[in-house]
Student: 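Structure incoming, see below.
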Protein chains: 2
Amino acid sequence: MNLACSTCPVNETAACAVLTTDERDAMAAAGRTRVLKRGEMLFAAGDEDAACATLLTGALKVSAVDADGNEQILALVHPAGFIGELFAPFAHHDVVALTESRLCTFARRDIERAIEDYPALARALLRRSQADLLATRTLLELTGHASAEARLAALLHDFAAAASDSSCHLAQRFDLPLTRGEIANMLGLTIETVSRKLGELEDTGAIQREGKRGIIIRNAELLQDISGR
Amino acid sequence: MNLACSTCPVNETAACAVLTTDERDAMAAAGRTRVLKRGEMLFAAGDEDAACATLLTGALKVSAVDADGNEQILALVHPAGFIGELFAPFAHHDVVALTESRLCTFARRDIERAIEDYPALARALLRRSQADLLATRTLLELTGHASAEARLAALLHDFAAAASDSSCHLAQRFDLPLTRGEIANMLGLTIETVSRKLGELEDTGAIQREGKRGIIIRNAELLQDISGR
DNA sequence: CGAGGAATTGAGATCCCTCAAGAACAGTGG
DNA sequence: CCACTGTTCTTGAGGGATCTCAATTCCTCG
């Protein structure tokens with residue numbers, strides 16, 4: 001299927017936004033859209049020639065599985081995010097859909113050629129890569145020293161910020177994109193601890209739970225305070 | 001001081017290696033070498049217009065300081081590594097020399113112009129950025145789930161690999177580039193735990209300590225085994 | 001030789017994990 | 001609409017790994 005960049009929901013914000021219309025059309029001819037259902041995998045660790053992709057809608061997780069079969073979530077990908085290890089001979093991590101997701105995928109060699117042909121694209125991907133690096137380091141900072149409660153508070157804060165339209169304030173209410181188990185894997189905790197600490201955050205009045213996935217921010221300042229930032 | 005790229009110890013491996021001689025000379029005219037002693041800072045979190053640099057010799061750490069004043073090491077930089085957040089308005093982390101280090105520094109605007117002028121440089125930096133991203137995620141994976149002993153074993157393994165000339169086998173003996181406190185900060189542990197676990201690794205016969213900094217690999221397989229990889 | 005920092009070692013406290021059971025929920029089929 | 005079933009989440013009790021606090025030893029450097 002061919003792509004219609006003009007109706008793409010992230011045509012202003014994704015890496016391809018820096019291309020001219022003609023250049024973008026040329027890339028579109030090489031790309032394909034793909035839809036993943038929750039739990040479906042885009043590629044697995046070890047895959048050779050793993051595709052690259054821009055996420056249009058939905059959410060993905062990047063995760064590693066250690067020797068004991070424990071999963072560790074290393075990053076979340078939001079719309080306009082770019083996925084793909086451009087210079088590695090094989091993928092180092094799994095990439096799985098958290099919700100139904102639409103992607104715009106490209107074969108590795110097509111992306112590699114595009115980077116050669118369109119310097120602006122290389123710069124855009126560099127920018128995105130540095131942003132990803134910063135996000136990963138922020139997560140590393142969090143899981144390094146902070147208490148379970150602080151980690152959870154920080155994650156909720158981030159989710160509330162991500163769920164808001166404007167980038168400067170928090171959403172008052174949102175649904176967790178992750179299960180308890182996934183939150184635990186991301187923060188280096190266990191399911192039980194996540195559940196308990198969510199209860200404690202509710203007791204202190206920072207948040208309120210609404211069903212299994214819903215979170216209402218009751219006291220954003222307190223939440224930020226607990227997160228230690 | 002002007003630069004002599006022809007005698008640069010990393011002129012084959014650093015990002016600038018992709019440039020032609022002429023291009024490199026043009027960049028050299030804009031750059032400056034700088035020497036940092038152990039503990040000296042290249043730039044601090046919050047600095048605007050922080051310089052960018054390629055590390056020639058020595059070693060650096062990238063670290064964050066949280067609200068309580070605790071340091072967390074997010075990454076180590078080895079020779080040929082590139083330092084600098086190109087698209088951020090200010091630096092997010094501190095960068096400090098671990099040993100006496102020589103750098104080749106550039107003003108932000110000079111690097112930005114070079115990226116525009118030399119597409120190959122942008123691609124080289126993209127490659128480096130993705131490698132940094134992978135390294136950070138590997139560290140995240142480690143600090144997420146592993147026990148103190150496994151973290152330490154993995155770090156020692158990495159250091160042994162980095163200290164070796166050939167990339168495929170380990171150095172038999174090396175000096176730790178970090179103090180106990182820095183190791184602790186990097187792995188999300190305390191000084192005491194690092195010290196204790198080092199003792200235990202010695203008891204099991206995996207390593208042998210030699211003075212305060214020296215480490216001898218006694219049983220690389222066992223070490224790898226303990227690290228869980 | 002002395003002083004300061006860095007590392008080791010010990011004892012007790014704490015936070016989080018493990019194991020285990022029960023409750024809430026979603027999907028399925030009757 | 002309701003039982004049925006599996007999954008996810010919650011809650012509890014106990015144990016273990018790591019942190020905290022404190023004292024001592026080991027280097028390094030003046």
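All values below come from the heavy atoms of this structure, side chains included, with hydrogens, waters and symmetry mates left out. Naming: A, B, ... by sequence-line order, numbering from 1 per chain.
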Student: Look at the side chain of A/R196 against the base of D/dG12 and say whether a donor-acceptor pair falls under 3.5 Å; ignore hydrogens and angles.
Tutor: yes
Student: Between C/dA7, D/dC19, D/dT10, spot the one nearest the side chain of B/L189, thanks.
Tutor: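 Nearest to the side chain of B/L189 among the choices is D/dC19.
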Student: Within this structure, what is the NE2-to-C1' distance between B/H145 and D/dA17, rounded to whole angstrom?
Tutor: 16 Å
Student: Calculate the interatomic distance between A/L152 atom CG and C/dC16 atom P; express it in whole Å.
Tutor: 11 Å
Student: How about B/F159 and B/H157: are their ring centres within less than 6.0 Å of each other?
Tutor: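 Ring centres of B/H157 and B/F159 not closer than 6.0 Å.
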Student: Taking B/R180 for the side chain and B/K212 for the main chain, is one N or O donor matched with an acceptor at less than 3.5 Å?
Tutor: yes
Student: B/I191 has an atom CD1; how far is it from atom P of C/dG5, in whole Å?
Tutor: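 The answer, rounded to whole Å, is 13 Å.
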Student: Measuring to OP1 and OP2 of C/dA7, would you say a side-chain N or O of B/R209 lies under 4.0 angstrom away?
Tutor: no
Student: By the 4.0 Å heavy-atom rule, please label B/T179 as base, sugar-phosphate, or nothing.
Tutor: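 Sugar-phosphate, no base atom in range.
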Student: By nearest nucleotide on DNA chain C, pick out whichever of A/G188 and A/K212 is the more 5' one.
Tutor: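 The residue whose closest nucleotide sits nearer the 5' end is A/G188.
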Student: Whole-Å distance between C/dC16 P and A/L198 CG?
Tutor: 14 Å
Student: How many whole angstroms separate atom CD of A/E210 from atom P of C/dA24?
Tutor: 17 Å
Student: For A/T204 and A/L222, which heavy atoms make the closest approach, and how far apart are they?
Tutor: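 Nearest pair, atom of A/T204 first, then A/L222: O-CD2, 3.6 Å.
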Student: Which whole-number value in Å describes the distance from A/N185 CG to C/dC17 P?
Tutor: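 Answer to the nearest Å: 11 Å.
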Student: Answer with yes or no whether A/E149 presents, from its side chain, a donor or acceptor under 3.5 Å of a partner atom in the base of C/dC15.
Tutor: no
Student: Please tell me if A/T193 has a side-chain N or O lying less than 4.0 Å from either OP1 or OP2 of C/dC16.
Tutor: no
Student: If I take atom CD in residue B/E200 and atom C1' in nucleotide D/dA17, what distance separates them, rounded to the nearest angstrom?
Tutor: 11 Å
Student: D/dA17 phosphate, OP1 or OP2: any side-chain N/O from B/K197 under 4.0 angstrom?
Tutor: no
Student: Could you check how far CD1 of A/I226 sits from P of C/dC15, rounded to whole Å?
Tutor: 15 Å
Student: Hey, is B/K61 close enough to B/E71 for a salt bridge, meaning N to O under 4.0 Å?
Tutor: yes
Student: Relative to the 5' end of DNA chain C, which residue comes earlier, B/R213 or A/V194, by the nucleotide with the nearest heavy atom?
Tutor: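 Taking each residue's closest nucleotide, the earlier one in sequence belongs to B/R213.
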Student: Taking all non-hydrogen atoms of both residues, which atom of B/P79 and which atom of B/L56 are closest, and how far apart?
Tutor: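 Nearest pair, atom of B/P79 first, then B/L56: CB-O, 3.3 Å.
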